[in-house]
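Since the structure comes first, as structure tokens, the remarks are kept for the end.
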Amino acid sequence: MKKYLIPAVAVSLMGCISISQLLNLSGLFALSAIPMPDFSNERSDDYGRVKIKLGAVDQLGGPLKSVLNQIELTSGMKTIEIESTEFISGHAQGNLLVLVDGSGSLESIGCASCPTDPMRHRVEAVIELASSLHECAPEWSIGLMEFGPRSSSGFNDSLMLVDYTMDTFEIESNADELISDGGTPLWDSLLETLDDLSIRIEHDLSDHASESEPLVDEHEERPSKNSGRGLVVVTDGEDTITLNTVEKVIVQAKSFEIPVSVIALGEASDLVFTSSETAVEDLRRLADETGGFYATVSMAMDLPILSDHVAKAYCGGHTEILARFLDVPDSGEQVDGRIWLKHTGLSAPFGFRAP
């Protein structure tokens, strides 16, 4: 990621922020931008509101924490007010499932935006996510599964390509086994993989229940020693062949306290002109209500970069920003904006389609 030189005069403007903190900053990235469902409803308290999740990188791969009051948002001539910011800690260890769409639309024709990933950038993305996460937190156990045409014993719509492992090479050497064929049993697969992941998490918790952890200086910006958990689903569209619903998946994920993050491309991404309104709405809800990210790309070639950002957020933490557009975009309008860290030159783009 590009690094910026910070002029010495800017340092004096930052008040309580130390020089060392400024010099360590090297980049910002937007993980998620989700407008509230009533974003376009003038009678709602959520009129013009959007939730943005922001990650950052310093020389040690850590997050922004003590500079939250220096963040500002811009979007053309529109006025945006930041209502609140909250830092969410990352984790030094945990269990993460990467669940990848295996439907035919990824590499075959048949829809307005198909094929969505003929060059198989999702394979690179899986490798990047695993290697980036293990680089900053090697004790994360990562599983790789595919949903769609194939299944493993004990599953109906999901195939285990790599059982949960801390070995990055195992993920790298098996990611190319991902295929593209058939329909999209998204909700069925999520229900059964969430159930399996919850069992593994409970097993790990019971194994480590008696272990004590060393005290950590509260001022150190290091990943939390508490065990993390998550499911990242990579998908290019809406569920096409199951009878289950996103509501049921959300209820199950919340009951297991597993945040579900979405890496969306093709019709699942609100950055694509031919996006599916149903897919976007459902996947936004899934990520927002379970505490995950709705991370999107307009082109599949950007998947590896986005996956690197998601990995850094799992180990280093991220910031949740609740903001309100005072000049509210029209329903259906593509909104492009930028997050700035004042006086540093550091910024990151964000975008979403107004509901």
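In this text the structure is predicted, and so the values were computed from the model without any measurement. Sequence positions, counted from 1, serve as the residue numbers for this chain.
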**Report entry** Sub-4.5 Å side-chain heavy-atom contact between Val297 and Met299
**Finding:** no
Report task. Kindly compute the distance separating NE2 (His121) from CG (Leu303), expressed to the nearest 0.5 Å. Result -> 8.0 Å
Requested in this report: Could you tell me the separation between the OG atom of Ser75 and the CD1 atom of Ile80, rounded to the nearest 0.5 Å?
Outcome: 5.0 Å
Query - Donor-acceptor pair between Thr74 and Arg338 side chains, under 3.5 angstrom - result: no
Requested in this report: Could I get the full list of side-chain hydrogen bond (donor to acceptor under 3.5 Å, both in side chains) partners for Glu333, not counting sequence neighbours?
Outcome: Lys78
**Report entry** Close side-chain approach of Phe352 and Thr296, heavy atoms under 4.5 Å
**Finding:** no
Query - Non-neighbouring partners of Trp187 that pass ring-ring contact (aromatic ring centres under 6.0 Å, His included), sequence neighbours left out - result: none
Query raised in the report: With a 4.0 Å cut-off, would you call Asp181 and Arg150 a salt bridge?
Result: no
Query raised in the report: Is there a path of hydrophobic side-chain contacts, each under 4.5 Å between heavy atoms of I, L, V, M, F, W or Y residues, that connects Trp340 with Leu73?
Result: no
Query raised in the report: Is the shortest side-chain N to carboxylate O distance from Glu83 to Lys51 below 4.0 Å?
Result: no
Requested in this report: Kindly determine whether Asp38 and Arg49 satisfy salt bridge (Lys or Arg N to Asp or Glu O under 4.0 Å), including the steps that lead there.
Outcome: CA-CA 8 Å; Asp38 284 337; Arg49 269 184 172 169; over 6 Å; no
Query raised in the report: How far apart are the C-alpha atoms of Thr85 and Leu54, what are their side-chain angles, what is the distance that settles it, and do they pass the side-chain contact (heavy atoms from CB on, under 4.5 Å) test?
Result: CA-CA 10 Å; Thr85 58; Leu54 171 68; over 6 Å; no
Query raised in the report: Charged N to carboxylate O below 4.0 Å: is that the case for Asp270 and Arg284?
Result: yes
Requested in this report: Treating Ile, Leu, Val, Met, Phe, Trp and Tyr as nodes and any side-chain heavy-atom pair under 4.5 angstrom as an edge, say whether Ile127 and Met166 lie in one connected cluster.
Outcome: no
Requested in this report: Look only at the side chain of Gln252 and the backbone of Leu191, and say whether a donor-acceptor pair between them is shorter than 3.5 Å.
Outcome: yes
Query raised in the report: With distance as the sole criterion, is a donor-acceptor pair present between the side chains of Thr193 and Asp196 under 3.5 Å?
Result: no
Requested in this report: Would you check if Val232 and Leu99 make a side-chain contact, meaning some heavy-atom pair closer than 4.5 Å?
Outcome: no
Requested in this report: Check for a donor-acceptor pair, side chain of Arg353 on one end and backbone N or O of Ser331 on the other, with a separation under 3.5 Å.
Outcome: no
Requested in this report: Following the transitive rule for hydrophobic clusters with a side-chain heavy-atom cut-off under 4.5 Å over Ile, Leu, Val, Met, Phe, Trp and Tyr, establish whether Val233 and Ile179 coincide in one cluster.
Outcome: no
**Report entry** side-chain contact (heavy atoms from CB on, under 4.5 Å), paired with Trp140, selected from Thr168, Leu133, Asn95
**Finding:** Leu133
Report task. Evaluate the side-chain proximity of Leu96 to Arg229: yes if any heavy-atom separation is below 4.5 Å, no if none is. Result -> no
Query raised in the report: Would you find a donor on one side and an acceptor on the other, under 3.5 Å apart, between the side chain of Ser269 and the backbone of Gly266?
Result: no
Report task. Would you please test Ile258 and Thr290 for side-chain contact (heavy atoms from CB on, under 4.5 Å) and show each step? Result -> CA-CA 7 Å; Ile258 298 175; Thr290 64; over 6 Å; no
Requested in this report: For residues Met119 and Met301, determine if any side-chain heavy atom of one lies less than 4.5 Å from a side-chain heavy atom of the other.
Outcome: no
Requested in this report: Look at the side-chain heavy atoms of Ile, Leu, Val, Met, Phe, Trp and Tyr, link any pair under 4.5 Å apart, and say whether Val335 and Tyr47 land in one connected group.
Outcome: yes
Query raised in the report: Taking the side chain from Ser152 and the backbone from Met160, do they hold a donor-acceptor pair closer than 3.5 Å?
Result: yes
Report summary line: On a heavy-atom basis, the closest approach of Leu194 and Ala253 is CD1-CB, 3.9 Å
Query raised in the report: If you measure from OG on Ser141 to CZ on Arg200, what distance do you get to the nearest 0.5 Å?
Result: 8.0 Å
**Report entry** Residues Arg324, Asp45; criterion salt bridge (Lys or Arg N to Asp or Glu O under 4.0 Å); working and verdict
**Finding:** CA-CA 10 Å; Arg324 188 188 298 271; Asp45 290 340; over 6 Å; no
Requested in this report: Quick one: do Val162 and Asp167 satisfy side-chain contact (heavy atoms from CB on, under 4.5 Å)? Show the steps, please.
Outcome: CA-CA 10 Å; Val162 180; Asp167 184 351; over 6 Å; no
Query raised in the report: Aromatic ring centroids of His309 and Phe293 under 6.0 Å?
Result: no
**Report entry** Sub-4.5 Å side-chain heavy-atom contact between Arg122 and Leu106
**Finding:** yes
Query raised in the report: Roughly how far apart are Leu326 CG and Thr79 OG1, rounded to 0.5 Å?
Result: 5.5 Å
Report summary line: Scanning both residues in full, the closest heavy-atom pair of Gly351 with Ala33 reads O-CB, 3.7 Å
Requested in this report: Apply side chain to side chain donor-acceptor pair (under 3.5 Å) to Ser151 and Asp157, showing your working.
Outcome: CA-CA 5 Å; Ser151 62; Asp157 300 284; over 6 Å; no
Report task. Classify the side-chain pair Asp188/Asn156 by whether it contains a donor and acceptor separated by less than 3.5 Å. Result -> no
Requested in this report: For the residue pair Ser189 and Ser158, confirm or rule out a side-chain donor-acceptor distance under 3.5 Å.
Outcome: yes
**Report entry** Flag, side chain of Thr184 to backbone of Leu186, donor-acceptor distance under 3.5 Å
**Finding:** no
**Report entry** Residues Glu238 and Ser276: side-chain donor-acceptor under 3.5 angstrom
**Finding:** yes
Report task. Not counting sequence neighbours, which residues clear side-chain hydrogen bond (donor to acceptor under 3.5 Å, both in side chains) with Thr278? List them please. Result -> none
Query raised in the report: What distance separates Glu289 CD from Leu286 CG, expressed to the nearest 0.5 Å?
Result: 8.5 Å
Report task. For residues Phe350 and Phe29, establish whether the separation of their ring centroids is below 6.0 Å. Result -> no
Query raised in the report: Would you say the side-chain atoms of Ser103 and Asp101 include a donor-acceptor pair closer than 3.5 Å?
Result: yes
Requested in this report: Evaluate the side-chain proximity of Tyr294 to Val280: yes if any heavy-atom separation is below 4.5 Å, no if none is.
Outcome: yes
Query raised in the report: Do you see a donor-acceptor pair shorter than 3.5 Å between the side chains of Tyr314 and Ser261?
Result: yes
Requested in this report: Would you please name every residue forming a side-chain hydrogen bond (donor to acceptor under 3.5 Å, both in side chains) with Glu281, sequence neighbours left out?
Outcome: none
Query raised in the report: Would you say the side-chain atoms of Ser298 pair up with the backbone N or O of Leu271, donor to acceptor, closer than 3.5 Å?
Result: no
Query - Co-members of the apolar cluster containing Ile241 [side chain, <4.5 Å] - result: none
Query raised in the report: Rounded to the nearest 0.5 Å, how far does CG of Asn174 lie from OG1 of Thr165?
Result: 10.0 Å
Report task. Applying side-chain hydrogen bond (donor to acceptor under 3.5 Å, both in side chains), name anything that partners Glu135, two or more places apart in sequence or on another chain. Result -> none
Query raised in the report: Can Phe87 be reached from Ile82 by stepping across I, L, V, M, F, W or Y side chains whose heavy atoms are under 4.5 Å apart?
Result: yes
Query raised in the report: Taking side chain as C-beta onward, heavy atoms only, is His91 less than 4.5 Å from Gln93?
Result: no
Report task. Evaluate side-chain contact (heavy atoms from CB on, under 4.5 Å) for Leu161 paired with Leu178, printing each intermediate quantity in order. Result -> CA-CA 8 Å; Leu161 289 171; Leu178 292 165; 3.4 Å; yes
Query raised in the report: Is it true that a side-chain atom of Ser132 and a backbone atom of Asp308 form a donor plus acceptor pair closer than 3.5 Å?
Result: no
